[in-house]
Every structure is written in structure tokens, then in C-alpha cells.
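Throughout, protein chains are lettered first and strands after them, A, B, ... in sequence-line order, and every chain is numbered starting at 1.
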Amino acid sequence: MTETTRRNLLKMGMAGASILPFLRVLPAAAQGADTLVVATGQTINSLDLHRTGTNRASYQVAVNCYDRLVSFGTKEAPGGGYSYDYDTVVPELAESWTVSEDGLTLTFKIKPNATFWDGSKVTAEDVKWSFDRAVSVGGFPTVQMKAGGLERPEQFAAADAETFVITLDRPSKLAIPDLAVPVPFVINSALAKANATADDPWAMEYLHTTPAGSGAFKVLRWTPGEQLVYERNDDWVGGPVPAVKRIVVREVPSPATRRALIERGDVHMSFDIPDKDAAELAEIVDVYSTPVENCIHCLCCNTNFEPFQDPDVRKAVAYAVPYEDIFQAAAYGRGAPLWGGEAAIGDTAWPRKTQYYTDIDKAKAHMAKSGFPDGFEVPLSISLDLASWMEPAALLIQESLAQIGIVAEIEKIPGANWRTAALVEKRLPLHLENFGGWLNTPDYYFFWAYQEGHLFNSSNYRNDEIEELVSATLHMPMDDPEYAPKIKRMFEIVLEELPRIPLYQPALNVATNGAEGYEFWFHRQLDVRPLSAV
Amino acid sequence: MSAAAYSRLRAVAFRVAQSIPVVLGVVVISFLLTRALPGDPAAYFAGAAADAASIQEVREALGLDKPLLQQFLLYVTDLAHGDLGQSISSGRPVAVDLVSRLPASLELTLTALVLSCGLAIPLGILAATRPGSWVDHLCRVLVTAGVSLPTFFTGILLIYIFYYLLGVAPSPLGRLDFIYLAPDHVTGFYLIDAALTGDWETWRGAAKQLILPSTTLALFTLAPIARMTRAAMLTALSSDFIRTARAAGLSRGTVLYAYAFRNALLPVVTTLGMVFSFALGANVLVEKVFAWPGIGSYAVEALVVSDYAAVQGFVLAMALLFVALNLVIDLLYSVIDPRFGFAAK
């Protein structure tokens with residue numbers, strides 16, 4: 001190639017030497033393979049995940065700049081590339097850990113050579129302070145900690161400098177995996193306390209802009225709304241030291257611009273690209289489309305709305321949905337189909353293919369059997385923030401429902417209002433929903449999406465047997481002989497009763513052009529640690 | 001002379017005083033409108049997996065559990081101390097956000113307007129002096145095209161041609177390519193700040209990044225300025241005083257620029273003020289396409305997440321900006337045409 005794109009210059013390592021001699025550049029930007037540039041459409045609004053108001057895109061800072069006690073292993077992902085492996089828990093800050101006989105006491109040995117960026121040693125006290133913070137600040141971190149049975153500071157103790165002990169109220173299979181999610185990250189407590197005030201005992205102000213961790217990357221520069229620059233921590237002991245010295249995460253809101261940048265090769269990676277771009281770019285650059293684990297795009301029939309209390313109406317809707325068309329039009333074939341499966345439930349894999357498929361005659365027959373043979377009118381609500389998939393899906397559903405006498409008028413709800421309407425007040429009769437659980441077990445999904453009153457149960461579904469089964473399985477070890485039969489029974493019930501009609505499993509799309517090692521994570525944010533330049 | 005200066009000062013003071021009720025109105029209305037927005041910031045900021053209790057915790061932390069009147073009084077008290085409040089989404093004082101973002105938008109808008117005027121005014125004059133000629137038609141075509149193409153489309157088109165196909169434009173990555181460091185913050189205008197420190201390499205980098213977005217915006221703002229210049233020039237050129245000037249044998253240049261153009265300038269300046277204000281608003285789309293970290297995208301993001309303080313701060317900043325702009329334009333009137341009786345007010 002004779003084209004002088006910036007990447008070629010960087011590759012040749014000559015940019016710093018001959019082209020930009022007077023430039024006040026980032027010194028290593030000129031060192032070719034040492035710097036990667038990532039374009040993302042999202043904006044990072046805080047460097048502290050625990051802060052109220054921190055958005056999802058900012059979780060990547062917790063992942064890349066901080067360590068947790070444990071992490072997940074790596075496996076080959078469907079759709080190319082790698083994925084985290086929920087079934088393998090690997091050490092990060094902890095060197096080893098033991099679980100007591102009764103499953104209530106978890107004892108972690110912290111790596112003796114682990115240090116924070118300022119050189120001070122990572123101690124069990126730091127872990128305790130960080131965990132106390134996560135369960136005390138309220139909001140999302142506290143809720144996520146609770147999922148693993150971590151609720152109160154008294155549950156955490158530093159036995160000595162290198163031994164950290166967690167006491168659980170009840171044994172739970174979710175406790176250790178919940179330590180590997182981004183929330184329970186370990187903060188340099190001495191540094192944080194030195195910057196805390198009486199009004200702000202958890203140093204929220206300080207850590208918002210100044211991370212203090214032991215993680216693989218430090219934040220070299222953060223300009224909200226523009227970019228975040230990571231710089232490698234050469235002393236990292238949490239895992240293999242990253243190959244790349246510097247990673248620039250640039251915010252580029254327009255998908256069209258991001259696409260031009262990745263095609264031209266001026267950025268090495270474009271993170272979370274639209275399905276359409278993924279489908280089209282796949283021929284030009286490397287595209288990874290990983291089906292998001294434990295996540296389902298659903299059509300939800302709210303039991304608050306009278307016609308949907310009739311099981312035949314829900315079945316009619318399930319047979320009317322044009323699954324394949326939606327998968328092609330809304331997801332451009334990225335992700336995994338979830339229709340046309342076996343009715344008999346043979347395994348505990350979730351999401352699973354439902355027994356439903358598009359069959360207007362069957363749908364009409366169910367409608368005729370129902371209490372609403374003449375159909376009815378219902379608003380079909382979608383979120384404007386998620387319009388890229390919800391809008392085409394809703395239009396196709398609207399068209400199909402019309403064939404069975406259901407007149408669905410599409411109602412578009414602004415993003416800020418969506419959560420309140422759909423999840424908090426649960427007042428949308430028919431709507432699209434996209435919950436995905438961080439912890440990859442079916443019971444965890446059911447806990448959030450099918451148990452009464454829980455946030456993502458936007459259909460107001462209640463079934464006594466489900467209530468009981470979910471509570472029983474949520475903390476039960478997966479190798480318990482009772483686990484699989486119970487889970488299968490849960491699948492059977494909700495796929496028969498259909499408060500949520502699964503449409504497809506969405507994918508997280510990432511395009512790379514000059515970078516490799518991309519790994520998918522359940523939190524759907526970029527883990528830059530395994531990346532390297534090609 | 002000093003009497004004239006005094007009267008002008010008084011007029012300015014009078015104008016500023018006149019704008020006080022406007023600003024007060026904006027404060028009240030922006031507060032009420034943000035509260036009337038659909039959406040619950042507490043539910044939003046409590047995050048994906050929040051339950052009722054944690055939403056309530058967030059609501060209390062944000063002070064949104066207090067009665068509306070109390071919230072308003074707190075807001076006004078803070079405002080009186082020059083505190084615009086804290087943006088929840090950025091976690092920084094709104095004033096800091098505005099100071100870092102406003103210059104980006106202003107730099108883009110002003111560059112675009114300079115470009116636009118540089119093209120539109122000569123074009124308008126030429127079209128007016130030769131109505132019906134090819135210049136007039138070219139002006140009409142350019143103007144129609146400019147105003148009928150939405151800015152995000154022009155932006156993407158320019159990126160496609162000059163960056164993607166030809167590769168002559170720098171990558172559309174915002175104000176500066178990532179290999180440059182932003183110049184030290186003095187005014188926030190990169191061109192000015194880089195020039196102040198004599199860092200011409202960064203200056204060129206910033207200028208290059210400005211070319212495509214400002215051209216996009218300039219094309220959009222071309223129309224009103226060119227058309228207004230043409231119309232005003234046509235009116236001026238057909239007036240009696242121009243006929244007299246021509247009859248008196250003054251040179252063509254003098255007639256055109258010293259007499260006709262100066263008189264045509266008033267409506268042009270008025271239009272320019274209006275164009276500036278709507279260009280600052282139309283910026284949002286250009287900012288999104290060119291990853292420009294400006295005030296428009298900040299406001300839209302704040303609006304989407306119901307970040308009250310940020311939205312109020314933005315509206316207030318815009319109101320103050322327009323008050324100042326109108327004042328400057330009024331002052332310009334009296335510079336252009338001394339007959340404009342400022343003192344008379």
C-alpha cells in the first residue's frame with residue numbers, strides 16, 4: 001500500500017520521527033503497534049462506576065482500570081472471536097480462594113505482589129473498604145451486589161493483610177460469579193480516604209475523575225464527550241500484561257462516520273456498531289457478532305390488559321409474529337433465532353428456541369377460540385432510544401397482527417420515559433423489551449423477568465409455581481440433582497403461558513481493522529486488556 | 001463627544017436592563033419545562049437493575065423528593081451565587097461543562113459564518129448588480145441547494161467524498177485528531193489558544209478539522225445571507241440617492257460600496273444575527289456527524305436523560321448569549337448608520 005493513511009505511518013513508526021517533529025503529541029502515539037484507536041458511539045461520563053448517574057459506557061473504566069478478586073476465563077465465541085467463559089472463574093487479585101463446608105464462608109488470599117498504581121500494596125483492608133462502598137452507596141452497585149448475596153458491610157472482613165473473608169447469609173451459586181462483574185472492584189482505599197470529606201465519606205467526587213486502582217490500564221487523559229486515553233500499567237499482576245501500551249477510545253456519535261473511519265483504517269476498532277453496518281462491513285473488515293448471553297429481545301403481553309389475560313390471545317400473537325422477517329429486518333441476521341424449536345424441553349440452555357413459528361392460520365384459530373374472536377385495539381409501544389431494532393420489528397408485528405384482527409397502533413416513547421413506563425410502572429399493554437442478565441444462569445433471568453414485581457417483568461406476570469421455582473433455583477448449585485428438572489419446568493411454564501414472546505437473541509457487533517484479541521463480555525462494554533495490534 | 005459617549009453608555013445600560021425580565025422569564029420557564037419533561041431522572045440514573053428502594057435513594061440524593069417550589073428556590077439561590085448546579089450525567093458543575101463545550105460550538109459557528117459571509121455577500125452583490133445574469137442564476141442555484149440539503153446530509157456527503165473517497169480531509173474525529181494534544185485552555189477556541197502559545201502545528205491540526213464541518217454549516221447558512229444581500233442591494237441601487245450619486249458622476253466603486261452597500265448592510269446584519277442563532281441550534285446535527293464536542297450535543301444528551309441542571313444551564317446560557325448578540329447588533333446599527341438614534345430611546 002502506498003496510501004499514507006495514519007495507520008500506515010504509525011505502523012512504520014515514523015510519524016514521530018519525521019512527520020510531526022514539533023508536535024506536542026502523545027509521545028507513544030508514534031510508536032506504531034503500541035497504540036490502538038477505538039471509536040465508540042457512547043459517551044463515558046464518569047470514571048467511577050459506583051457514582052449515581054454513571055452510564056453503562058463508563059463501566060469499561062471499572063473493567064480496564066480496576067481489578068476484582070476474581071474474573072472469568074476465556075472461550076471461543078459463537079460468531080467468531082473470543083468470549084468470557086461464565087463456567088470458569090479465574091484469579092484476578094485473589095491468588096486462591098476456599099469455600100467453607102456449609103458454603104457460607106468464602107476466604108480469599110490476595111496476591112502478595114499486587115500493588116496499586118502508586119506502588120502501595122493491595123491489602124484485604126482495601127478490598128473491604130471497596131466492598132463496603134459498593135453495598136453502601138445505593139443505586140445500581142448495591143442492587144448488583146445483592147444479587148450475589150452481598151448486602152451489608154458486616155459480611156466483609158479483613159482477617160489479615162492478605163486474607164479477605166466474606167460471610168454469606170445463605171449459600172449461593174451466584175456469590176462468586178457476582179464478584180467477577182464490574183461492580184466489586186478494588187479501590188486504593190488509603191488514597192481514596194485521603195480525598196474523602198465528611199460529606200463525602202466514599203470519595204465519590206475524587207474517584208469520579210481520578211481512578212485509584214491496581215488494574216491493567218491507567219487513565220492517562222479523559223475529556224468527557226471526546227476521548228479517554230488508557231495507558232498500560234506495566235506492573236499489573238491480575239493477568240497477562242496487555243500487549244498494547246496505549247489505547248485511545250474516541251467518541252464518534254454518528255454511525256456513518258464510525259463506519260467511514262473503520263473502513264479507511266483510521267481507527268482500529270469500532271465498538272458496538274449497528275447490525276446493518278455489521279452485516280455490510282463483514283465483507284470488508286473483521287466483524288465479530290456475538291449473541292449476547294442470557295439476553296432476549298421479546299414481545300411482551302401485559303397481563304394488566306384484559307385481552308392478554310386470555311391464553312389463546314397470547315398464543316395467537318405468538319403464532320402471528322413474523323420471526324424470520326423481524327430477524328432479517330431488525331437484526332440483519334446478526335444474533336441467534338429463537339423460534340421453531342422443539343416443544344419438549346431436553347436441556348437447561350437459555351435462551352432456547354421456542355416451539356412457536358409464524359403460522360397465520362394457527363394464529364387465527366387461536367383467536368377464534370379466544371374470548372376476543374373479533375380482535376381488539378392495542379397500542380404497541382417502543383422506545384425511541386432502541387428504535388434501531390424496535391421500529392422495524394414493531395412495524396412487522398403490526399402488519400401481522402392486523403391479519404388476525406388485532407389493530408396495533410405503534411406508540412413511540414422517549415428514552416427517558418421508557419424505563420418509567422415500561423419497567424417501573426409496567427403500564428404498557430404490548431411492548432418490546434430487551435432484558436439481558438449479567439449472571440448467565442436461567443434462574444437469574446427468570447428472577448428479573450418472570451417473578452412478580454421485579455423490574456424487567458414488564459408484563460406483570462405472576463405464576464405461583466414460577467415464584468416458587470425461581471426462589472428455589474436462584475441460589476441452588478447447578479449440579480444439584482433437583483436443579484435441571486426445576487429449570488425445565490420453568491421453561492415449560494413460561495413458554496406455554498407466554499407473558500414474553502421471545503423474538504431473537506441479539507448480538508453485540510464489533511468491527512476491527514488492525515486489532516485482534518477482541519473478547520465479548522456479558523457487560524457489553526469493551527475490555528481493552530486482551531487487545532493487540534495486528 | 002463625551003456627551004455622545006455618555007448617551008451611548010446609557011443606551012447600552014438601558015438595553016441590558018431591558019433584558020433582565022427576559023432572563024428571569026427564561027429561568028422560570030426552563031425550570032418548569034424541564035420538570036414537565038416526561039421521564040423520571042431518578043429511575044433513569046438508578047441504572048438497569050434498580051428496584052423501588054434504590055430509585056427512591058437516588059431520588060433523595062438528587063433532591064427530587066422535595067416539593068417543586070422548594071426545588072425552585074434552591075435553584076434560584078444557587079443561581080444567585082453564580083452556581084448553575086451539578087450535571088448528574090457528567091458529574092461536573094454545569095458551568096464547567098458549558099465553559100468547555102461552548103467555545104467548541106462558537107468556534108465552529110463563527111468559522112462557518114465567516115466562510116458563509118465571505119461567499120454570500122460578494123455573491124449577493126454580484127447578483128444584484130447583474131440581475132438575471134449567470135451570476136444571479138448561480139447564486140440562486142447555490143442558495144437553493146444549500147438551504148434544501150439538511151446539514152447532516154451535507155456533512156455525511158462531504159465526509160464521503162473528501163475523507164472516504166479522496167482521502168484529502170483529515171479523519172472526522174472532532175476538534176483535533178488524537179495525535180495532537182489540546183492547547184492549554186485560555187479562551188477555549190483551539191485556533192486562538194494554539195496561536196497564543198505559538199503552537200502552529202496544533203493550529204494547523206485544529207484548522208484542518210474545522211474545514212469540513214464549517215463548510216457544511218456555511219452551505220446551510222449561505223442562503224439567507226446571500227438572498228438578503230441581493231434584495232437589499234437591489235433596493236438600495238434603485239433608490240433616488242444612488243441615481244443622484246450616479247448623475248453626479250461618482251465612480252462605480254464608490255456608488256456601489258460607499259453608498260449602496262453601506263445602506264444595504266443593515267438588513268444583512270439583522271439577518272446575520274438571526275442566522276447565527278439558528279446556526280448555533282442547527283449545530284447539533286453537524287456535531288453528531290463530525291464528533292464535535294459542542295454545546296448542542298451536550299444539550300441533547302442532557303435532555304434525553306432528563307438531566308435538569310444541565311438543560312437549564314444550557315437554556316440560560318443560550319438566552320444570555322442571544323441577549324448579548326442582540327445588543328451587539330443594535331450597537332452595530334448605529335455604527336453602520338449614525339442616524340439610528342440610540343440616544344433617542
* Please assess L181(B) against R221(A) for the test side-chain contact (heavy atoms from CB on, under 4.5 Å), listing each intermediate value before the final yes or no. => CA-CA 10 Å; L181(B) 286 187; R221(A) 171 178 298 268; 3.4 Å; yes
* Asked: T43(A) versus chain B, heavy atoms under 4.5 Å apart: side chain, backbone, both or neither?
  -> side chain
* Asked: Is the NZ or CZ atom of R264(A) positioned over Y163(B)'s six-membered ring, under 6.0 angstrom from the centre and within 45° of the axis?
  -> yes
* So which part of V252(A) gets closer than 4.5 Å to some heavy atom of chain B, the side chain, the backbone, both or neither? -> both
* Structure fact -> Rounding to 0.5 Å, atoms CD1 (I88(B)) and CG (N45(A)) come to a distance of 10.5 Å
* Asked: Quick one: does S89(B)'s side chain get under 4.5 Å of N55(A)'s, heavy atoms only?
  -> no
* To do: Using non-hydrogen atoms and a 4.5 Å limit, figure out which bit of T52(A) sits close to chain B: side chain, backbone, both or neither.
  => both
* Is F153(B) atom CZ crowded by more than 12 heavy atoms from other residues, nucleotides or ligands, each under 6.0 Å away? -> no
* Asked: Among R250(A), E226(A), Q227(A), whose side chain to side chain contact (heavy atoms under 4.5 Å, CB included) with L173(B) holds?
  -> R250(A)
* To do: Pick whichever of L303(B), L176(B), D97(B) has the most heavy-atom pairs under 4.5 Å with chain A.
  => L176(B)
* Asked: Is there a donor-acceptor contact under 3.5 Å from the side chain of T257(A) to the main chain of V289(B)?
  -> yes
* Asked: Do other residues, nucleotides or ligands put more than 12 heavy atoms under 6.0 Å from the CZ atom of R35(B)?
  -> yes
* **Heavy atoms of other groups near E205(A) CD, more than 12 under 6.0 Å** => no
* **Which portion of D385(A) sits near chain B, non-hydrogen atoms under 4.5 angstrom** => side chain
* Asked: Quick check: are there more than 12 heavy atoms from other residues, nucleotides or ligands sitting under 6.0 Å from CZ of F72(B)?
  -> yes
* **Side chain, backbone, both or neither of A260(A) within contact of chain B (heavy atoms, under 4.5 Å)** => both
